[in-house]
Visitor: 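Sharing a structure here in structure tokens format.
The figures here come from the full heavy-atom set of this structure, side chains too, leaving out hydrogens, waters and symmetry mates. In what follows, chains carry the letters A, B, and so on, assigned in the order in which the sequence lines appear, proteins first and then strands, with residues in each chain numbered from 1.
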Amino acid sequence: MADSKTSSSDAGRAEAVARPDRYDPQSIEQKWTERWAQNPALYCAEPSTSARKKYYVLEMLPYPSGALHMGHVRNYAIGDALARYMWMQGYNVLHPMGWDSFGLPAENAAIANQTPPREWTLGNIEKMKRQMNRMGFSYDWSKEVTTCLPEYYRWNQWFFLKFYERGLAYRKKSKVNWCPKCATVLANEQVLSSGCCWRHEDTVVEQRELEQWFLRITDYADELLRDLDNLPDWPDKVKTMQRNWIGRSEGALVDFNLDGLAGPGGDKITVFTTRIDTIYGATSLQLAPEHPLVTDLIANDPGLLAKVEDLMQEQVRAKEAGDVGGIEKHGVDTGHFAINPFNGERVPIWVANYVLLDYGTGAIMSVPAHDERDYEFAKKFDLDIRVVIYPRREGDAPGGEPNEPLLPFVETNSLLINSGQWSGMPSGDAIEKMSQHAEEHGFGKATVTYRLKDWGISRQRYWGTPIPMIYCAGCGIVPVPEKDLPVLLPENVEITLAGGSPLGKVPEFANVSCPQCGGAARRETDTMDTFVDSSWYFYRYTDPTLSDKPLDSDIVGYWFPIDQYIGGVEHAILHLIYSRFWTKVMRDMGLVRNAEPVERLFTQGMVIKGGAKMSKSLGNVVSPDEMVARYGADATRMYTLFAAPPDRDLDWQDAGVEGVSRFVSRVYRFVARNAKPDHPGWNASHDGEMSPAARRMQRAVHQTIKHITEDFGGRWHFNTSVSFLMSLVNELYAYEESVQGDKNHPSKQGVSGAPAGSDGAPAPLALMAEVQRKLVLMLAPFAPYLAHELWEMLGETSDLLRAPWPQYDPELAKEEEVEYAIQVNGKIRSRIVVAADATEDQVRERALADEKVKAAIAGKEMVKVMVVKGRLVNIVVK
RNA sequence: GCGAAAGUGGCGGAAUUGGCAGACGCACCAGACUUAGGAUCUGGCGGGUAAAACCGUGGGGGUUCGAGUCCCCCCUUUCGCACCA
């Protein structure tokens, strides 16, 4: 190969670009981008009749904001490495990409730039698709899905009608979360724990009364919870978050009749409790300030009304201040009483700010002795504290007086006292028996409540899927007939953030005739939450061209469940719980056979810089475009894999990309010189024995294959995969030097054969060719452009994407020698190197012959212990 | 407050089961090749010492021949949940 020295000076400068030893990512990547573009079928999944086993790898689809950010690049680099690896493992790989393209930013852009949302969105998609192709991601674009196009969203509408038929979509007036900045309603899942909007973290969500469409996700609460146990390959963190979100809680409802006058709003208060066994200790009832009965009870007392109003205001203020957890408890005595159905006792009715309206019934029985919050409240307002579960700690003898310092006693491992006929019963049994008792006597029953609420999907926005419903004065709510789908989103609509749904101001859209009676009717003008779009898009990928149905059950049956889903942990609740819900409904509709959409989930860490999330305001944004222009796509992608394990946050360091770029270029130069090595050293005769350097390199190759193969199958620590590749290349350089001398040392040039000390048998050319071949194969998932270029350089004509992944030979990967540390009385005194297959006796002999060991044991009585790699040899010397 | 994860050189990070702590890379230092070097190649690089010894994985105990790894207590950071009755 051309020696860099001969062409390096003035003459070489002009031809620098053409020199094969100079890595130029731009020209290489451009060349392959063009070639791949000419072969659109390259990355296409084979049909479900393929003889290959299927593998569905999916990355979360992006919102087309207009530019990829590093988080995208990282996400897709992981998915692409996996997709390429699985192709090389012989699988039929489905690796699609699409656009979650409805949503508010398009409307904001429309307002800011006077650009129609559709135009803005489709333009962004074009830009981002170009960026993705520039990165070399192996997407099957024949499966592309764009959620804002009628070909897709008509099926949202179709699903909505099916949900409606099944009673899973319903309309109700309710208090809803309203973000003043979004000018629309938010689902519970879209309200942060701070009480602010998920898109506007500084804007407190307001409560408004609106008529909204809801999806009955709570019907599936139990199954959504239970089936988490069938997802062993989901991160525990995500499963825990979902469990908490669903918040299943077993308990009982108990009715307390109002004492004396029946209230105008009813004559009883129903409370929810998980501890019905403590009901004899209930010394008050507590209502949430917003509880509808509250105003009835104190309607004629303006002073009390004002105090309750204060309680509510205080909560709002606390939320605004970000004080979520530790709001101080306050309450108001209504002066009314209710009757405990178990013992007939009158208990005062209070209003308390620590009772939540939307959990349980919005009313509780307060048992200060056995609930921490009730205890705190009772202490503060001097309410009775009555012990009804004998408080004992582990080891306490039974009997004796209840111990005030042990209160509140919240354990269920003790016996009831002061509880009438129930006294003496273990707490756990009492919960069951007392619920039964309540049910038999008609004042209560066992029940299960959930934190999870039904999913409100109505949005008062333009850029979303129109909800296919019509309101007729005569017929009421009338679904749009299936044959009339899609309900097309009108264009040229004036978009503002004020005055309700923009579609409401488009008469030709809103005014329709009733499908049932033909009379004048009004169309629903709200659109769907965009999380509807992303709840089932991955099914559509299997055949996005179908025009008569959303999916083909057989094709879906072939591809599903998704083998590997990759995305950010920020979707642990919203997207991933909605998707699971949607799949279960689809299964009940007979559309799909799988109960869960995703077999394995991987949540990658964020890309940060300087310890903070990248953001324009911090000015620490790294643009993928700039990185690609500077270092090429291969180096950029590879850096995102190398800089940190994929599940951890990646702290971006510009110098780090430089390092990976150097590595990539080092690989290029090596193969450029050695694809057809012409140094005489390679042609030296050999007698079949390999030189130690050759053996070393061969071992490195097989160890690298082993490591990377295992990493793909398990831990996914691609940072170490890349580092193994780097080490391997370092070995190749060392080997090259051993064969032909240091190219940069003229004194050594032309040295033929193996260096002194070897057995004089340089490895054959074939070994060099084989090693390079394997190196390129292993590079393919991480740096596809470079790998393809080198593949060609090696004279390979087969398609690298489908070339078989290299196998490793465990024998060749094994170390030939093992180092032992030798301890003398607990301290390491020496190290010896012994053949890997040496017997214990041989090791012992060698150890005792070691000079340092001899010195250490001279004149002593002792025990020696030698250790390494799990082998332990004890030698006792007297 | 509750729950989970993490804490290793100047930095990003290695070290599947307890077995040479710091792989690989960055930064830095030295050398080579150079008209030049922000290119390339070679070597060095936890502290400490002339060299050893010795000390080193947030802190303190413990188990073990041997602990970054296992056990107990504490500290810090990040994330999730935060009155869920």
Visitor: Say you pick atom C1' in B:G62 and the same atom in B:C29; how far apart are they, in whole Å?
Guide: 43 Å

Visitor: Rounded to whole Å, how long is the line connecting atom CG of A:Asn730 with atom P of B:C26?
Guide: 10 Å

Visitor: By nearest nucleotide on RNA chain B, pick out whichever of A:Asp371 and A:Asn244 is the more 5' one.
Guide: A:Asn244

Visitor: Can you list the residues that meet the salt bridge (charged side-chain N to carboxylate O under 4.0 Å, His left out) rule with A:Asp233, with sequence neighbours excluded?
Guide: A:Arg600

Visitor: With distance as the sole criterion, is a donor-acceptor pair present between the side chains of A:Thr449 and A:Tyr359 under 3.5 Å?
Guide: yes

Visitor: Students often get this wrong, so: under 4.0 angstrom with heavy atoms, is A:Asp649 touching a base, only sugar-phosphate, or nothing?
Guide: sugar-phosphate

Visitor: Can you tell me which residue among A:Thr704, A:Val667, A:Ile708 is in a side chain to side chain contact (heavy atoms under 4.5 Å, CB included) with A:Leu728?
Guide: A:Thr704

Visitor: Please report the distance separating the P of B:U63 from the corresponding atom of B:A52, rounded so that it comes out in whole Å.
Guide: 33 Å

Visitor: Please identify which of these residues, A:Leu732, A:Ile705, A:Val701, meets the side chain to side chain contact (heavy atoms under 4.5 Å, CB included) condition with A:Leu775.
Guide: A:Leu732

Visitor: Calculate the interatomic distance between A:Glu376 atom CD and B:A85 atom C1'; express it in whole Å.
Guide: 14 Å

Visitor: Say whether A:Asn340 and A:Tyr280, considering side chains only, have a donor N or O and an acceptor N or O under 3.5 Å apart.
Guide: no

Visitor: Holding to ring pair (Phe, Tyr, Trp, His ring centres under 6.0 Å), I want the full list of residues that pass it with A:His702, two or more places apart in sequence or in another chain.
Guide: none

Visitor: What pairs with A:Tyr631 under ring pair (Phe, Tyr, Trp, His ring centres under 6.0 Å), at least two apart in sequence or on another chain?
Guide: none

Visitor: Determine the Euclidean distance between corresponding P atoms of B:G10 and B:U49; express it in Å to zero decimal places.
Guide: 16 Å

Visitor: At under 4.0 Å, does any side-chain N or O of A:Tyr354 touch on OP1 or OP2 of B:A85?
Guide: no

Visitor: RNA chain B: A:Tyr639 or A:Ile364, which has the more 5' nearest nucleotide?
Guide: A:Tyr639

Visitor: Work out how far the P atom of B:C65 is from that of B:A51, and round it to whole angstrom.
Guide: 35 Å

Visitor: Measuring only between side-chain heavy atoms, which start at C-beta, is A:Asp654 closer than 4.5 Å to A:Lys609?
Guide: yes

Visitor: Starting at the 5' end of RNA chain B, what dot-bracket string do you get if Watson-Crick and G-U pairs under 3.5 Å are bracketed, crossing pairs use [ ], other-strand pairs use | and unpaired bases use dots?
Guide: (((((((..(((......[....))).(((((.......))))).((......))..(((((..]....))))))))))))....

Visitor: Got a sec, which residues hit salt bridge (charged side-chain N to carboxylate O under 4.0 Å, His left out) with A:Asp634, two or more places apart in sequence or on another chain?
Guide: none

Visitor: Specify the separation, in whole Å, of atom CD of A:Glu372 and atom P of B:A82.
Guide: 17 Å

Visitor: Under 4.0 angstrom, heavy atoms only, what part of the nucleic acid is A:Val355 near: base, sugar-phosphate, or nothing?
Guide: base

Visitor: I need the CG-P distance between A:Asp358 and B:C83, as an integer number of Å.
Guide: 10 Å

Visitor: Of all the nucleotides listed (B:A82, B:C24, B:C41), which has the minimum atom distance to the side chain of A:Arg669?
Guide: B:C41

Visitor: Which whole number of Å gives the distance between the P atom of B:U42 and that of B:G68?
Guide: 33 Å

Visitor: Cation over ring, A:Arg666 on A:Tyr733, under 6.0 Å and within 45°?
Guide: yes

Visitor: What pairs of nitrogen or oxygen atoms, one from the protein and one from nucleotides 16-18 of chain B, lie under 3.5 Å apart?
Guide:
unit_1: B:U16; atom_1: O2; unit_2: A:Arg715; atom_2: NE; d: 3.1
unit_1: B:U16; atom_1: O4; unit_2: A:Glu710; atom_2: OE1; d: 2.9

Visitor: Taking the side chain of A:Arg662 as heavy atoms from C-beta outward, which of B:C24, B:U40, B:A82 is closest to it?
Guide: B:U40

Visitor: Send over the distance from A:Phe663 CZ to B:A39 P, rounded to a whole Å.
Guide: 18 Å

Visitor: Can you name the residues that form a salt bridge (charged side-chain N to carboxylate O under 4.0 Å, His left out) with A:Arg275, not counting sequence neighbours?
Guide: A:Asp277

Visitor: In whole angstrom, what separates A:Leu452's CG from B:C81's C1'?
Guide: 15 Å

Visitor: Mind telling me if B:G18 is syn or anti? Syn here is a glycosidic angle within 90° of 0.
Guide: anti

Visitor: Any side-chain heavy-atom pair from A:Gln286 and A:Val351 closer than 4.5 angstrom?
Guide: no

Visitor: What interatomic distance, in whole Å, is found between C1' of B:U69 and the corresponding atom of B:A14?
Guide: 14 Å

Visitor: Which nucleotide, B:G13, B:A82, B:C26, lies nearest any side-chain atom of A:Ala655?
Guide: B:C26

Visitor: Tell me, which of residues 716-729 of chain A have any heavy atom that sits under 4.0 Å from an atom in RNA chain B?
Guide: A:Asn719, A:Thr720, A:Ser723, A:Met726, A:Ser727

Visitor: I need the OH-C1' distance between A:Tyr733 and B:C41, as an integer number of Å.
Guide: 9 Å

Visitor: Just say parallel, tilted or perpendicular for the rings of A:Phe377 and A:Phe381, cut-offs at 30° and 60°.
Guide: tilted

Visitor: Please work out if A:Gly360 contacts a base, only the sugar-phosphate, or nothing of the nucleic acid, heavy-atom cut-off 4.0 Å.
Guide: nothing

Visitor: Quote, to the nearest angstrom, the P distance that separates B:C74 from B:G1.
Guide: 13 Å

Visitor: In whole Å, I'd like the distance from the CE atom of A:Met241 to the C1' atom of B:A82.
Guide: 13 Å

Visitor: Tell me every residue that passes salt bridge (charged side-chain N to carboxylate O under 4.0 Å, His left out) with A:Asp374, counting only those two or more places apart in sequence or in another chain.
Guide: none

Visitor: Identify, with sequence neighbours excluded, every residue that meets ring pair (Phe, Tyr, Trp, His ring centres under 6.0 Å) alongside A:Phe718.
Guide: A:Phe712, A:Trp716

Visitor: Polar atom pairs between nucleotides 3-11 of chain B and protein, under 3.5 Å, N or O only, would you list them?
Guide:
unit_1: B:C11; atom_1: O2'; unit_2: A:Gln653; atom_2: NE2; d: 3.1

Visitor: Under the salt bridge (Lys or Arg N to Asp or Glu O under 4.0 Å) definition, can you give me all pairs with a residue in residues 704-716 of chain A, not counting sequence neighbours?
Guide: A:Lys706-A:Glu710

Visitor: Work out how far the C1' atom of B:G12 is from that of B:C72, and round it to whole angstrom.
Guide: 33 Å

